[in-house]
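Following: one structure in structure tokens, then a few remarks.
Here is the naming used below: chain letters follow the sequence lines, and residue numbers restart at 1 for every chain.
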There are 2 protein chains.
Amino acid sequence: MSTTEPVATDSTSDSTAGSASGSKKLRPERTNATKQRLFEASMELIGERGAAGVTVDEIAAAAGVSKGTVYYNFGSKSDLIAQLLRHGVDIMLARLQAIEGQTNDPLESMTNMVDQAMVFMDKYPSFARLWVSENWRMPGEWSSVFTELRAELLAVIGAAVERVAAGYQVDTSIARGSLEAAIFGAIFVVGLDRQTYNPERSREQCVAAVMTIMHGYVIK
Amino acid sequence: MSTTEPVATDSTSDSTAGSASGSKKLRPERTNATKQRLFEASMELIGERGAAGVTVDEIAAAAGVSKGTVYYNFGSKSDLIAQLLRHGVDIMLARLQAIEGQTNDPLESMTNMVDQAMVFMDKYPSFARLWVSENWRMPGEWSSVFTELRAELLAVIGAAVERVAAGYQVDTSIARGSLEAAIFGAIFVVGLDRQTYNPERSREQCVAAVMTIMHGYVIK
DNA sequence: CTATTTGAACTGACCAGTCAGTTCAGTTAG
DNA sequence: CTAACTGAACTGACTGGTCAGTTCAAATAG
């Protein structure tokens with residue numbers, strides 16, 4: 001009965017060095033490390049096979065943790081996924097916002113953002129898959145989460161487009177919202193296609209294709 | 001071992017209902033009608049809740065048919081979905097190909113195609129959801145199906161882009177493949193966003209936003 | 001007569017969520 | 001210094017339920 005293995009908790013807890021801990025209350029090292037590993041494991045699995053196609057047991061096993069731990073750290077599978085989405089968007093937002101104000105040229109700034117989005121998709125290949133497979137389900141389990149996160153992402157893109165519109169003469173007959181959606185869609189689909197079907201395509205090439213939208217928006 | 005051999009619909013499924021013209025093998029009306037209803041029911045349900053989130057019993061009930069009938073007409077749930085994807089793409093392809101040669105102006109032709117894609121998404125709102133939620137899964141249950149269908153759709157878009165490139169001066173530094181993916185992605189995401197989050201957006205507005213890509217491709 | 005459909009029973013696998021028990025890094029008490 | 005204690009973190013067997021796929025005898029349509 002008591003043959004429970006030492007489990008190699010190992011205390012090799014990465015020190016969360018410098019990682020900007022959120023506004024959360026200070027939590028024990030172990031828990032954060034565990035959550036982190038659960039995020040990584042579930043991102044990978046869910047990105048590949050979809051939220052419904054992955055079991056909590058698999059996630060736990062991949063994270064080197066027991067099933068109970070998943071339910072200790074998250075209330076439910078659904079909760080885990082909601083937090084996973086939030087986690088990924090937070091990372092992406094941080095990267096995009098770091099670009100703002102790096103350059104004075106709005107178009108160059110935009111290019112850098114699209115490029116950064118591609119870099120993000122290289123680093124977290126599964127996030128975009130999770131995003132596109134669960135978004136647009138109505139009414140979906142995470143509708144409210146998506147509505148919120150989508151607004152946050154579009155706000156950043158929207159601000160960048162706004163700066164372009166302020167600095168250049170643009171085609172005012174194009175609706176801003178639809179344009180943002182088009183950019184967003186092009187980024188995700190071009191990125192996913194590169195990952196899945198055309199890994200030989202270079203990042204610059206993909207960025208250039210997406211930026212074609214902005215070149216069409218600006219009146220030359 | 002099944003007692004009654006399920007009808008191997010094979011690759012050529014007569015998708016258009018109503019015309020009794022020359023089906024090679026004699027197939028009673030009933031079968032086609034049943035298949036049609038199963039397609040409609042499963043498109044609806046799977047589009048909303050995902051392939052894994054819908055049960056065969058539900059599909060059968062929604063189609064007003066028994067579970068046994070599903071397995072008589074299709075060998076498995078997986079098979080049903082594969083044929084469903086093929087069915088949807090066939091419809092979309094037919095609509096897009098009907099545009100080709102309608103106009104002499106390649107850009108106008110392109111606009112009409114994008115518009116037609118939006119009309120298609122209005123009529124079959126669930127198809128795009130199914131497409132984006134199951135595509136890009138590697139290795140997925142329907143990888144080979146997607147590879148094939150994707151190539152067929154991209155061929156049509158590619159031909160349209162080719163005609164633009166032949167009729168106008170275009171930015172040759174843009175890779176054709178990435179550009180096609182960007183167009184494809186913009187269409188799907190703009191369309192889905194309209195359905196799901198912004199139903200007030202007009203179709204023209206959405207088409208115009210997508211066409212911004214082409215305006216950026218053409219050198220003015 | 002044959003192809004198709006029905007409906008219900010059945011199997012075997014799979015799975016989300018629970019809970020009583022275990023571990024262990026501290027903390028306090030002697 | 002060390003023994004007792006604490007409680008957060010973790011464990012994994014177990015439960016109650018679901019579902020894909022099978023089978024088949026009987027009904028129905030062409």
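Remark: S126(B) pairs with no residue by the side-chain hydrogen bond (donor to acceptor under 3.5 Å, both in side chains) rule, at least two apart or across chains. Partners of R203(A) according to the side-chain hydrogen bond (donor to acceptor under 3.5 Å, both in side chains) rule, which considers only residues two or more places apart in sequence or in another chain, are D115(A). For W142(A), the side-chain hydrogen bond (donor to acceptor under 3.5 Å, both in side chains) test picks out S78(A), with sequence neighbours left out. Residues passing the ring pair (Phe, Tyr, Trp, His ring centres under 6.0 Å) test with F120(A) are Y124(A), F127(A), sequence neighbours excluded. With sequence neighbours excluded, no residue forms a ring pair (Phe, Tyr, Trp, His ring centres under 6.0 Å) with Y71(A).
In this structure, CZ of F74(B) is placed 13 Å from P of dG21(D), rounded to the nearest angstrom. Atom P of nucleotide dT6(C) and atom CD1 of I59(B) are separated by 15 Å, given to the nearest angstrom. Note: CG (L80(B)) to P (dA20(D)) measures 11 Å, nearest angstrom. The separation between N32(B) atom CG and dT4(C) atom P is 10 Å, rounded to whole Å. Following rounding to the nearest Å, K35(A) (NZ) and dA8(D) (C1') show an atom-to-atom distance of 14 Å. Per the geometry, OH belonging to Y72(A) stands 17 Å off P belonging to dA20(C), to the nearest Å.
One finds no side-chain N or O of S66(B) lying less than 4.0 angstrom from the OP1 or OP2 phosphate oxygen of dA8(C). When the side-chain nitrogen and oxygen atoms of N73(A) are compared with OP1 and OP2 of dA8(D), none of them lie within a distance under 4.0 Å.
A donor-acceptor pair shorter than 3.5 Å can be found between the side chains of R129(A) and Q195(A).
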Tabulated below should be each protein N or O lying under 3.5 Å from an N or O of nucleotides 11-17 of chain C; please produce it.
unit_1, atom_1, unit_2, atom_2, d
dA16(C), OP1, K77(A), NZ, 3.1
dA16(C), OP2, V56(A), N, 3.0
dA16(C), N7, K67(A), NZ, 2.8
dG17(C), OP2, Y71(A), OH, 2.9
dG17(C), OP2, K77(A), N, 3.1
dG17(C), N7, K67(A), NZ, 3.1
dG17(C), O6, K67(A), NZ, 2.9

